[in-house]
Amino acid sequence: MPAREIDIQIAPDGTVRATVSGIKGPACQELAKELAQIIGQELSFAPTAEFYECEEHRDVDIEDQSRT
Amino acid sequence: MSGVVVIAPIVATAAWPVLCSAAAAVMGAVGLTAVNAQTNNTTDVATETNTRVELDLANSEEVGTTIRRDEELVFANDSLKVIFSRDARGKLKICVEGSGYSKAELEQFGRDIAGRVVQQYAYQRIVQEMQARHLSVVDQSVDADDNIHIKLRGWED
């Protein structure tokens with residue numbers, strides 16, 4: 001389970017700049033939107049390289065035990 | 001990194017308890033203490049020579065009706081009085097009164113205070129709501145420019 005992290009800077013005038021990391025794909029933007037809904041109005045969202053990486057999938061082989 | 005979001009906080013009057021807490025923290029830091037709005041005459045600064053300015057709290061909106069329109073938060077010291085209230089439209093207002101200050105000085109003080117209250121409001125809302133989403137504060141600090149930095153961490157489900 002990867003850690004998800006949010007680095008937040010709140011300026012003296014109240015403007016919030018949050019960097020969301022550890023979440024790939026649209027889930028990252030969803031968390032950013034959720035944060036915006038909690039405290040106010042989203043002014044901008046800038047995706048970074050990780051945003052475009054695919055969500056992690058892991059293949060698991062299931063052994064066919066009926067053959068043994 | 002995945003993404004950077006920039007947000008302008010909106011102070012919802014429904015979150016009045018959070019606003020009260022934020023205002024008390026900011027006022028305490030500048031040496032003003034809470035005064036009962038009904039009995040604040042005893043701490044009135046020299047009212048006849050007072051200068052008074054009123055400011056709208058930027059980005060405030062009425063969400064719900066959890067506070068009465070006549071509800072006020074009053075903070076004062078020997079020379080200044082700051083009143084947080086709602087106007088007829090439900091918008092939050094800050095009124096600053098003081099003796100021995102120019103209007104420009106009081107207006108500047110009021111704008112600084114308004115910004116700091118919104119900053120504290122945003123801080124308290126973020127910490128409260130993110131903890132409910134299983135994100136914990138792992139580090140926090142205030143830099144030389146008075147920006148608040150918070151690092152939250154959680155584990156993906």
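Quick caveat, the model's predicted, so the values are computed rather than measured. Every chain is numbered from 1 and lettered A, B, ... according to where its sequence line falls, protein lines coming before strand lines.
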What pair of heavy atoms forms the shortest contact from Gln9(A) to His149(B), and how long is it?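 Scanning both residues, the minimum pair turns out to be OE1-CE1, 3.4 Å.
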Minimum heavy-atom distance between Ala122(B) and Gly14(A), given as atom pair plus value: CB-O, 4.4 Å
Under 4.5 Å from any heavy atom of chain B, what part of Asp7(A) do you find: side chain, backbone, both or neither?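 Looking at Asp7(A), backbone and side chain both touch chain B.
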Heavy-atom distance under 4.5 Å between the side chains of [X] and [Y], does that happen here?
X: Glu5(A); Y: Lys151(B); answer: yes
X: Met130(B); Y: Ile38(A); answer: yes
X: Gln119(B); Y: Asp13(A); answer: no
X: Val6(B); Y: Val16(A); answer: no
X: Asn147(B); Y: Ile10(A); answer: no

Applying side-chain contact (heavy atoms from CB on, under 4.5 Å) to Ile7(B) and Leu43(A), what does each step give before you reach the verdict? CA-CA 5 Å; Ile7(B) 305 160; Leu43(A) 298 178; 6.0 Å; no
Kindly say whether Val4(B) contributes a backbone atom to a donor-acceptor pair with the side chain of Arg17(A) at under 3.5 angstrom?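 Pair absent, no side-chain N/O of Arg17(A) close to backbone of Val4(B).
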Going hydrophobic residue to hydrophobic residue with side-chain gaps under 4.5 angstrom, can you get from [X] over to [Y]?
X: Leu73(B); Y: Val18(B); value: yes
X: Val20(A); Y: Val138(B); value: no
X: Ile39(A); Y: Phe45(A); value: yes
X: Val127(B); Y: Leu35(A); value: yes

What pairs of residues pass the salt bridge (Lys or Arg N to Asp or Glu O under 4.0 Å) test when at least one of them lies in residues 137-149 of chain B, not counting sequence neighbours?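 Sorted result for residues 137-149 of chain B: Arg116(B)-Asp146(B).
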Drop me the distance from Gln37(A)'s CD to Glu129(B)'s CD, to the nearest 0.5 angstrom. 11.0 Å
Between Arg111(B) and chain A, with a heavy-atom cut-off of 4.5 Å, which part of the residue counts as in contact: side chain, backbone, both or neither?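 For Arg111(B), there is no contact with chain A at all, as no heavy atom is under 4.5 Å.
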